[in-house]
Amino acid sequence: MTRPPLSRRAMMAGAAATAPFLAGRAFADDKPITLLNVSYDPTRELYKEINAAFASYWKGKTGQVLDIKQSHGGSGKQARAVIDGLQADVVTLALAGDIDEIAQRAKLLPPNWQSRLPNNSTPYTSTIIFLVRKGNPKGIRDWADLVKPGVGVIVSNPKISGGARWAYLAAYAYGQKQGGAAGAKDYITRLYKNVPVLGAGARDATTTFAQRNIGDVLLSWENEAFLTIDEFGPNYDIVYPSSSILAEPPVALLDKNVDRHNTRVVATGYLNFLYSPLAQDIIGKHHYRPRDPKAVAKYAASFKQIPLATIDQAFGGWKKASATHFADGGLFDQIYKPA
Amino acid sequence: MTLANPVVGARPVSSVRLPGLAILLVLASAVVMAVLVLLPLFVVFHDAFAKGIGKYLASIRDPDAISAIQLTLLVAAIAVPLNAAFGIAAAWCIAKFEFRGKAALLTLIDLPFSMSPVVSGLVWVLLFGAQGWFGTWLIDHDIKIIFATTGLVLATILVTFPFVARELIPLMQDQGSDEEAAALTLGAGGFTTFWRITLPNIRWALLYGVLLCNARAMGEFGAVSVVSGHIRGLTTTLPLHVEVLYNDYDFVGAFAAASLLASLGLITLVLKTGLEWRHAGELAANRRH
């Protein structure tokens, strides 16, 4: 054993190199109030701006410093994480059914949560529209064009993505109008035959379409379609179909979590802030359809008015829609076979 | 695998000239390697610096990026030493002693290699998630395991569990326990024997195993993704941060973070090759990597 043992100096150097990074975590402790908003996929940019606005509003009002954390992913996946213990103070998800799941399985909030805030706890609405490649080379104008042979439709998986559920239901509502339940089933069967790959979330589907250049048309949140054009330049055209669905992404306070974290007051303030003129303006700016009349008027020109089916009228509410269409063995499982 | 070639380290001499077909095969594999390995590596650095070095540095200095780097280092700093200690202990037992269930223990150590990382993450959710076996108790006592650093560490430990042990076992089996026996008969205690005989004998293999373990610990995506909760600036490790930024359309940021991981890979590769070159004899019992 003539070789020197592992150099002690080398070990010290390694420790010294990592120390500042580790120490940074330990000492960054001037105790702002932390709030966690667990949200769905396309709201990343929206909440980044709203969080900054709310933090300065709240500091002015109470003097408290806030550190608002964000987590984003497919709406169903995010709900699952909250059920499994992700310590969200508020959830801002893509559809009421996902928050119902949290209420039912983890009992973090009461079943009547949706009546606690104005407008069914949805501070804004949105809808599902088409994004096509520049000049619309495949001539896609309406839902009927999506089932033509040779058209690649990009959409995410309705099992885990909220936007994908709205897209599925918008398509189904169109089919229903054309030929009742049988017509609707036939229509969506043919539609999902044209889907080469199901994305994991709205953002995943968008990058598949825009970054990886797969498919001819993206079934997209209206806000996501506008954002794609903002981000990737004018390589795309937005197409409004003849009809779509009224998407209502709700927000809710998780009572058990905020009481455990002692954040009920600030979390309530946060959700109420979403209805304030300031937040409503940010909402309109990010291409979500605001509720506040002033913001509605300001951004009216950017949203085309088309007939929108509602989940309650066309599908009898989320509970029924989930059981019929998205539960294991439901209609989606029957009609979709991965290519 | 346990029967090591006694003349390892010496290069096998080929007396046959490479036939034409073999040259073609070598060329083909070189092309495949260039396309599958070098090209993606080039793309990572190319896209990271696509908007200049200023943008690159800015994305690495972003608070969320710094937090991701810190978290990655912290997780590795806990998981790797624990796995090293465990690996030495397991290899020591297996190589130097005979006991019932040895084969079963060996198989168990290998299990994480054959298990999908998603499963390695999900088991912790099933155990410690709010709906899991210990969920209610943990919540009542305000102990956060999953969707917190602890969960990330647990998932990483499980995934990187076999690296050190698997590196040491063949070598220690090969070395046998003669030297230890000699030390003991000369009056050395158990600890002295371990410190003066066993550890120096395995140090290079240990370093090799730690290196691989560390590379995997810092690069792991699947298992940590399941237990992370993806809270920005709090529970996103560097690989998760890459995904977040990519989905934010921040491609420079995503590839800048990816370039850090790629550099880690390159450094590991250099160190690993150096070890293989200088200390081949002390690693040779294990040529799987």
Side-chain angles (χ1 to χ4, degrees), chain A residues 1-6 10 14-15 17-26 28 34 36-38 41-42 44-45 47-48 67-73 77-78 80-88 105-108 200-204 206-207 210-211 227-228 230-232 256-257 260-261, chain B residues 63-64 66-67 69-74 76-78 122 124-126 128-132 135-136 138-140 142 144-149 151 179 195-197 199-201 203-204 206-207 210 225-236 243-244 246-251 278-279 282:
Chain A
M1 289 304 108
T2 48
R3 287 198 195 93
L6 235 182
T18 50
F21 285 102
L22 300 179
R25 286 187 84 74
T34 305
L36 175 58
N37 175 4
V38 170
D41 220 8
R44 302 154 182 262
E45 295 78 13
Y47 279 112
K48 201 171 174 188
D67 178 13
I68 305 170
K69 297 285 186 196
Q70 295 173 246
S71 167
H72 297 272
K77 195 178 112 193
Q78 294 291 79
R80 181 73 240 183
V82 170
I83 290 168
D84 281 331
L86 181 57
Q87 293 292 311
R105 288 175 192 263
K107 312 233 175 333
L108 296 175
R203 197 45 72 81
D204 188 39
T206 311
T207 43
Q211 177 76 359
L227 178 76
T228 308
D230 292 348
E231 286 288 336
F232 289 92
K256 280 205 179 154
N257 286 0
R260 204 177 304 127
H261 306 154
Chain B
D64 284 356
I66 294 199
S67 157
I69 294 169
Q70 288 172 349
L71 184 63
T72 305
L73 291 175
L74 179 70
I78 300 170
L122 210 52
W124 302 111
V125 177
L126 295 178
F128 301 127
Q131 315 297 313
T136 326
L138 290 169
I139 286 174
D140 288 345
D142 199 23
K144 277 193 215 167
I145 293 188
I146 60 163
F147 308 122
T149 310
E179 291 187 32
W195 193 248
R196 306 284 292 267
I197 306 290
L199 203 56
N201 272 343
R203 62 193 162 171
W204 297 114
L206 178 61
L207 186 61
V210 164
S225 175
V226 177
V227 296
S228 150
H230 301 95
I231 308 170
R232 288 158 186 243
L234 200 67
T235 63
T236 45
E243 190 203 26
V244 164
Y246 184 80
N247 283 335
D248 281 357
Y249 303 134
D250 180 358
F251 300 116
R278 283 200 46 192
H279 304 283
E282 287 165 71

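Throughout, a chain's letter reflects where its sequence line sits, starting with A, and its residues are numbered from 1.
- With a 4.5 Å cut-off on non-hydrogen atoms, A/I83 touches chain B through its backbone and its side chain both.
- In this structure, A/F232 and B/Y249 have perpendicular ring planes: the angle between them is above 60°, well past the 30° mark.
- When side chains are defined from C-beta on, B/H230 does not count as touching A/L86, because their heavy atoms never get closer than 4.5 Å.
- Here CD1 of B/I139 is found 6.0 Å from CD of A/Q87. Values are rounded to the nearest 0.5 Å.
- Annotation: the span from A/D84 atom CG to B/F128 atom CZ amounts to 13.5 Å, rounded to 0.5 Å.
- Note that the CZ atom of A/R105 and the CD atom of B/Q131 stand 8.5 Å from one another [nearest 0.5 Å].
- For a residue to count as touching a neighbouring chain, one of its non-hydrogen atoms must lie under 4.5 Å from one of that chain's; by this rule B/I231 touches chain A with backbone and side chain alike.
- Residue B/L234 holds its CG atom at 5.0 Å from NZ of A/K69, rounded to the nearest 0.5 Å.
- Residues B/R232 and A/R44 form a side-chain contact, since some pair of their non-hydrogen atoms from C-beta on lies under 4.5 Å apart.
- Both the backbone and the side chain of A/Q70 come within contact range of chain B, with heavy atoms under 4.5 Å apart.
- Of all heavy-atom pairs spanning A/S71 and B/G229, the tightest one is OG-O, 2.6 Å.
- Heavy-atom distances place both the backbone and the side chain of B/V244 under 4.5 Å from chain A.
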